[in-house]
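Here's the structure, in structure tokens; my notes come after.
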Number of protein chains: 4
Amino acid sequence: MGRPRSETARRAILGAAMSGLQEHGYAALTMQGIAAAAGVGKQTIYRWWPSKADVVLDGLVEFADERIAVPDTGSLPGDLAEFLVATFRQRGQRPVLIGLMAEALLDPVFARAFRDRFLFARRAALRQILDRAAGRGEIAAGIDPDLLIDVVYGVLWYRLMLDHAPLDEAAGRQLTDLLVRTVS
Amino acid sequence: MGRPRSETARRAILGAAMSGLQEHGYAALTMQGIAAAAGVGKQTIYRWWPSKADVVLDGLVEFADERIAVPDTGSLPGDLAEFLVATFRQRGQRPVLIGLMAEALLDPVFARAFRDRFLFARRAALRQILDRAAGRGEIAAGIDPDLLIDVVYGVLWYRLMLDHAPLDEAAGRQLTDLLVRTVS
Amino acid sequence: MGRPRSETARRAILGAAMSGLQEHGYAALTMQGIAAAAGVGKQTIYRWWPSKADVVLDGLVEFADERIAVPDTGSLPGDLAEFLVATFRQRGQRPVLIGLMAEALLDPVFARAFRDRFLFARRAALRQILDRAAGRGEIAAGIDPDLLIDVVYGVLWYRLMLDHAPLDEAAGRQLTDLLVRTVS
Amino acid sequence: MGRPRSETARRAILGAAMSGLQEHGYAALTMQGIAAAAGVGKQTIYRWWPSKADVVLDGLVEFADERIAVPDTGSLPGDLAEFLVATFRQRGQRPVLIGLMAEALLDPVFARAFRDRFLFARRAALRQILDRAAGRGEIAAGIDPDLLIDVVYGVLWYRLMLDHAPLDEAAGRQLTDLLVRTVS
DNA sequence: TGTTAAGCGAGACGGTACGTCCTGTCTTTCG
DNA sequence: CGAAAGACAGGACGTACCGTCTCGCTTAACA
């Protein structure tokens, strides 16, 4: 019964969205523009995504191949360093992340989707590392792991947004040192 | 030369912007709407501000009475606690701050203004506290105060944006404890 | 009492209006533009003229040196030919006349000024010629001179506006022939 | 392909334009106003007409039911009288015609459309009458029919614009008499 | 000879319409 | 029945002028 959803259209839309974003920035991205670039009717986009932010979020998940590797070196400093360096290395996605966050700040409905589908997944990965470290006794009692997570992603997003300080490998190591010092 | 700028119009515009923002949120704020609410021609707004974000930024500075108190209790834990609790208490400005940050993420030109006129002023205040503590030997050698500042404001903004954890007095104290533990 | 009107400003305004009109056409002429080009405040224009059309009308009277010569060759065909050829030769004023007429069609207040200060003066000149011819018995009884005037200026304006037929010396002679044939 | 043009919208636009014109005059007519009165987006007007003048021209053609009757009484005086009286009787369209002519004087692009779609159609009708009369030998040799047409429509438009003389049945007969006298 | 009232340039003011852009919905035809 | 095409109502955009209004400064004629 009924014609099935066109995979071709789906891919064209996500592709057009991501490349339009890279070229002209999130602010210049429009549903109209995505549809035109994808050779697709606007309705076809609206049928499957409620807003351009949701398209981009799907595009991010689809293209930027988001396996979040959870390293397991056997010690907190090792795990943390590897995780942070890997995370900070994805700085190339800045335009995408910045745009999605902007949208989330303006639209509470999308904010929920962004949190649940993207941000919380990242938190969970880091949480795993911290839990393992706690099991090994590497984290002093009385330290709230959630606060630690907020510190990590807080610094990450704050620097991503302000662009006032580097977000590179060295920064990853510096933050690792600070955290290890804190919890021990 | 020519007719001088109308102080009345200036205040009406800032007032209309801030109250419109409080009532319907930043996304629903329009230049058109501000002009109408202020009883002012659109041109009069565009003559003095390049975008609605700049109006709101001026409104924030004007209305939200921006003295950033820098406490001086004589010890880092005391100063930090007082500063963070005071800062976290301004959570009522969330809609304003969220809107401005969204705009900054979408518009690099405004981003600069926002950073220079608002965010960096806050950093400077915290910096004063940390420098004083360093002078008293309360901060261990090898700790970059700028990273500490990123941690503080990183956590603050991350929670402000995600709204996933409280941003209250208790949170201020908890973060204080973590930082004091880190630097000692 | 008070400072007397500035003759310099008056001339600058009329000059700016006329040259702006020649260069960019009546539609593109604005009070703002005239004031800027004349190096004059807008108020100075509004103080002395109610609309741009009135400025242009004054400019036409001032610059285009409006002596309407009434020839007197002793015969109707001679007078008529000379008058029409002279009138048709002023075709260079087309942009000015076209613009003023457009304004008159849109603004009944200006229409009155245009009629009284410009159009009726032309009619009076032609009327003189016809009255003289009537005195010499060159016009058959029962012919309304006002209708003849309407024919002359009707054809003139119709061609000026439609621009579908020449408005040159030959046209002047052709119309003369037709009129002489009619009245005799 | 795509959704077909809405006949409803088209009619609403033309209707709103014509009634707005009748009520407040051509000068007070705005695209904005037409759109609002027609319950239509501005874009829908701009999609199909380049300017308000073109809307009004279409409205004139659509509503004022423009069959130009070409009478055939068998003689020039009869045809001419009937044609002129019928034409002069449409004086109620003065606001429409006056507005369109004003626009044509200000905008050369529209001028062409107005000439080709409206004015020349009228000339053709009169031309038919004159050609038939010439075939019957009612027009003396050496008389240019185009000049006669210019005389007729010149007088018509000149009176329509200046509004200084009646444009009624009597005027139609008077002009007929003059023309018949001229050509014979 | 100093006062004073109008004219002057400059340019900001509250408005209104412009023509463009995008939104999210709708109505076609095609495959 | 999904999809492309594209028209639709709506509404904000940023710009251009409108005609009015304040400024500070001339510039004569009056006192």
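First the proteins, then the strands, lettered A, B, ... as listed; each starts at 1.
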Original post:
If you look at every strand shown and take non-hydrogen atoms under 4.0 Å, does A:Arg5 touch a base, only sugar-phosphate, or nothing?
Top reply: sugar-phosphate
Original post:
Rounded to whole angstrom units, what separation is found between the CD1 atom of D:Ile34 and the C1' atom of E:dC18?
Top reply: 13 Å
Original post:
If you draw the axis of the six-membered ring of A:Trp48, does the NZ or CZ of A:Arg5 fall within 45° of it and under 6.0 Å from the ring centre?
Top reply: yes
Original post:
Between F:dC8 and D:Arg47, is there an OP1 or OP2 to side-chain N/O distance shorter than 4.0 Å?
Top reply: yes
**OP:** Could you tell me the separation between the CD atom of B:Gln32 and the C1' atom of F:dT15, rounded to a whole number of Å?
**Re:** 13 Å
Subject >> salt_bridge(C:Arg117, C:Asp58) N-O dist < 4.0 Å >> reply: yes
Original post:
For DNA chain F, whose closest nucleotide is more 5', that of C:Met31 or that of C:Gly2?
Top reply: C:Met31
Original post:
Distance check: side-chain N/O of B:Thr44 vs OP1/OP2 of E:dG14, anything under 4.0 Å?
Top reply: yes
Original post:
Can the positive tip of B:Lys52 be found less than 6.0 Å from the middle of the six-membered ring of B:Tyr26, inside 45° of the ring normal?
Top reply: yes
**OP:** Apply the test side-chain contact (heavy atoms from CB on, under 4.5 Å) to residues B:Trp157 and B:Leu162: give CA-CA distance (whole Å), side-chain angles for both, the deciding distance (0.1 Å), then the verdict.
**Re:** CA-CA 8 Å; B:Trp157 274 101; B:Leu162 254 66; over 6 Å; no
Subject >> Listed nucleotide nearest any side-chain atom of B:Ser6, set E:dC13, F:dT20, F:dA4 >> reply: E:dC13
**OP:** Can you figure out which of F:dC21, E:dG9, F:dA3 approaches the side chain of C:Ala9 most closely?
**Re:** E:dG9
Original post:
Within the structure, does a side-chain N or O atom of D:Trp48 lie under 4.0 Å from either OP1 or OP2 of F:dC8?
Top reply: yes
Original post:
Below 4.0 angstrom from OP1 or OP2 of F:dA12, is there any side-chain N or O of B:Thr30?
Top reply: no
**OP:** Select one nucleotide: of F:dT15, F:dT26, E:dG9, the one nearest the side-chain heavy atoms of C:Arg3.
**Re:** F:dT26
Original post:
For the pair made of CD1 in D:Ile45 and C1' in F:dA9, what is the distance, rounded to whole Å?
Top reply: 12 Å
**OP:** Find which nucleotide of DNA chain F each of B:Lys52 and A:Gln43 is nearest to by heavy atoms, and output the residue with the more 5' nucleotide.
**Re:** A:Gln43
Original post:
Between F:dC23 atom P and B:Glu7 atom CD, what is the distance in whole Å?
Top reply: 13 Å
Original post:
Among E:dG9, F:dT22, F:dT26, which is the nearest nucleotide to the side chain of B:Pro4?
Top reply: F:dT22
Original post:
Heavy atoms under 4.0 Å, any strand shown: does C:Gly33 hit a base, just sugar-phosphate, or nothing?
Top reply: nothing
